[in-house]
Number of protein chains: 2
Amino acid sequence: MIMKKQKISLKHIAQSLGVSNTLVSLVLNHKGDEHGISKETQKKVYSKAEELEYMPSFMARGLRTGRSYTIGLILSDISNPFYSKMVRYMEDEAAKNEYSFLICSTDESPEKEKKTIKMLIDRQVDGLIISSSQSNPDFLSSLEDKKIPYVLIDRFFEDYPQANSIYVDNMRGIYKGIEYLVSEKYKRIAMFAITPIYISSIQERIDGYLKSLKSFGFDYGNELLVELDFHNLKQSIRSSLNYLIIESGEPIDAIFAINNNVAVASMQVLREMNLNIPNDIALLSFDDIELFQLTNPSISAISQPVEDISKAAVKRIFEIIKNPGSDPEHKTLQTELILRESTQKNK
Amino acid sequence: MIMKKQKISLKHIAQSLGVSNTLVSLVLNHKGDEHGISKETQKKVYSKAEELEYMPSFMARGLRTGRSYTIGLILSDISNPFYSKMVRYMEDEAAKNEYSFLICSTDESPEKEKKTIKMLIDRQVDGLIISSSQSNPDFLSSLEDKKIPYVLIDRFFEDYPQANSIYVDNMRGIYKGIEYLVSEKYKRIAMFAITPIYISSIQERIDGYLKSLKSFGFDYGNELLVELDFHNLKQSIRSSLNYLIIESGEPIDAIFAINNNVAVASMQVLREMNLNIPNDIALLSFDDIELFQLTNPSISAISQPVEDISKAAVKRIFEIIKNPGSDPEHKTLQTELILRESTQKNK
DNA sequence: TATTTATGCTAAATTGATTTAGAGTTGTTA
DNA sequence: TAACAACTCTAAATCAATTTAGCATAAATA
């Protein structure tokens, strides 16, 4: 005869002690004192719960209270090292509060993102952390309607100040990069941006590039601003480089890649073309990833504070969950310039 | 006056149509025909559900049916590119069945792993996919008791055949690597393993190394088998290399790294020591990651079929969920040797 | 002695779905 | 005309917790 281990519920504790479900529930939720349950009875409940290895049913509790102890996390691709690091930090931070994550990749598809948000709402997540790929904030209204807490990271919406957000100062990050390249005597600095992705961070980096050029007195305007096809990155880089280095009269001497994907692809193409980094051309990336220490040459980068972003986002989402009425907050974090070999000419 | 959007439940549909909850539930679960609900009524229910944008409550359904449409995924570290790729494949595969993942990193701590499994059981996951860091399979008995479906990946337990598993042929993978190094005339091939991690995959790779050496007629036994300290990898590699290349009479001419972490760390130390790969020393990694294409020189590797592992694991867990009584299955997948620059001497 | 207060607890409703067992109506057969 | 089946639908229990409203009993006060 096989003994099936039965799932232990509140009722089992109550019955074996001869008390009511209510009492057990109150005690285990630390409301015993508040409701005048005697210390003695409380102790009995605690020790019985331990003895039976009682664990409350998430489903039952969730159904009744509306809380799932789960956060939805929406990002473009978890296999991107920038995000997988982020996830790890968030996971550790949230675990302290017994929270878990449901993680969903959207591949920068606004369509997929909307569906995912709907799905996560149906799963009654207590909050959402979103790195959005939408070009406008309309989709947030459904979250506002349903009073579901959310925090935007990485991207945000200028004309939607009621959204809580963790914000990286892209403009200033780009400025630091240009400033440094200029100090290393690079003269024709191209920005390798991407299209068709309409998100704030990309737009800000482009703006930052154009403004910084001006402030350093370069007058080539947006002549060296390249909008690469995101879905066909390498081919797009090949043809751009061909023009910018070989066909155009004045070759560029530095590439500022708008994110880590673009930097990696650029490096591959430069190697194909037998161009030496940094002597023929310098390479600077926005977004630092571990890989950049290990390539030859190692790649300089504007590093985003991934750990700070992650922790701030988790911290903030918990604050809003606890205190739903609170005013929106916008936290701004700064980037750091990491100097490596790809931007320093050999003497 | 603010109109709060109310969550739509079954009851709302039933009431607005003047039928019972039962009927609505049956229809929406596609059991209408089976229970003789007229086509006409079914149509009404469907269109009302659509009109009200009804979505069933996961909590309520989960409480009643015991199913959560969620899989628990346990691995050592999601920020390791090997696992983050895996997660992405699994996520896409599971989404087809409306399933989501709760992902937990254990940092190879058996303690943490046990806690995590308990937590995931409490959350009523329908199944678990586990890359375990336990040295013995005792912890699986709690899953067996509670009849919770699970699939082991990446690591498994020899004396526990009742566990479903997706298995990579480590032994044969190592053999292919050694065979290739031998064909490239490398003579003194060291294996850089790790300790203290007692998992099957590591053990098999070590065994594979020793057996392969023998079968190619090398007689240095385990003299060149190095067990590096996992928690202090770089320092450990430095001192080993110092001995193996400089102090010992006969320097090694190739390193076989037991996984991607070890390969990356070895590459860094070799560069520090100004040793040329592949002319001074060859480097071959078990586990291929994107990075290895981008370093200079690029790194040869034994590639694990990440996509196949991921899809097979998800496919299998669904099979067991649907059919809990089925016999355990052990699927074996093969590795692939990826040739790059790090193992081919320049002429 | 009658009333109030405090102490320690409980019954029952609720959450939103699924599911068992069966009810009411109409039509068919003996 | 009674018995039976067929068709279409429903009441109520259930899952496991939380929470509202309030019940005994004993002690304190008037």
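Chain letters run A, B, ... following the sequence lines, proteins first and then strands; every chain starts at 1. Because only heavy atoms are used, hydrogens play no part in the values below, and waters and symmetry mates are left out as well, while side chains stay in.
- If you check the side chains of A:Ser79 and A:Asp77, you find a donor sitting under 3.5 Å from an acceptor.
- Side-chain N/O atoms of B:Ser25 include one lying less than 4.0 angstrom from OP1 or OP2 on C:dT18.
- Looking at A:Thr22, its side chain comes within 3.5 Å of the base of C:dA11 through a donor and an acceptor atom.
- Contacts of A:Lys31 with the nucleic acid, taken as non-hydrogen atoms under 4.0 Å apart, involve only primed sugar atoms and P, OP1 or OP2.
- The phosphate of C:dC9 has OP1 or OP2 within less than 4.0 Å of a side-chain N or O from A:Thr41.
- Rounded to an integer number of Å, the gap from CG of A:Asp122 to P of C:dA17 is 11 Å.
- Close to C:dT14, at under 4.0 Å from its OP1 or OP2, lies no side-chain N or O of A:Arg64.
- Taking the six-membered ring for Trp and thresholds of 30 and 60 degrees, B:Phe157 and B:Phe139 have ring planes more than 60 degrees apart, a perpendicular arrangement.
- Taking the charged nitrogens against the carboxylate oxygens, B:Lys311 and B:Glu307 do have a contact shorter than 4.0 Å, which makes a salt bridge.
- When the nucleotides C:dT18, C:dA11, D:dT10 are ranked by their closest atom to the side chain of B:Ser20, D:dT10 comes out on top.
- With B:Thr70 contributing its side chain and B:Ser68 its backbone, the two residues share a donor-acceptor pair below 3.5 Å.
- At C:dA17, one or more side-chain N or O atoms of B:Ser9 fall inside 4.0 Å of OP1 or OP2 (strictly under the cut-off).
- Here D:dC9 presents its P atom at 8 Å from NZ of B:Lys44, a figure rounded to the nearest Å.
- One interatomic measurement links the two molecules: CG of A:Leu23 to P of D:dT18, which rounds to 13 Å at whole-angstrom precision.
- When rounded to the nearest whole Å, the span between CD1 of B:Ile37 and C1' of C:dT19 equals 13 Å.
- Using a 4.0 Å cut-off, no side-chain N or O of A:Asn21 falls inside it from OP1 or OP2 of C:dA11.
- Counting non-hydrogen atoms under 4.0 angstrom, B:Tyr54 reaches the backbone sugars and phosphates but no base.
- Where B:Leu28 and A:Gly18 meet DNA chain C, the nucleotide closest to each residue was compared, and A:Gly18 sits on the side nearer the 5' end.
- An OP1 or OP2 oxygen of D:dC15 is reached within less than 4.0 angstrom by no side-chain nitrogen or oxygen of A:Ser57.
- For A:His35 and D:dT20, the NE2 to P distance is 8 Å, given to the nearest whole Å.
- Atom CZ in A:Arg67 sits roughly 15 Å away from atom C1' in D:dA17 (whole-Å rounding).
- In this structure, B:Phe58 places its CZ atom 20 Å from C1' of D:dA17, rounding to the nearest Å.
- Taking the side chain of B:Ala60 as heavy atoms from C-beta on, and the options D:dA16, D:dT18, C:dG16, the nearest nucleotide is C:dG16.
- Remark: side-chain polar atoms of A:Ser105 are not paired, donor with acceptor, to backbone N or O of A:Asp107 under 3.5 angstrom.
- Following rounding to the nearest Å, A:Ile8 (CD1) and D:dA16 (P) show an atom-to-atom distance of 11 Å.
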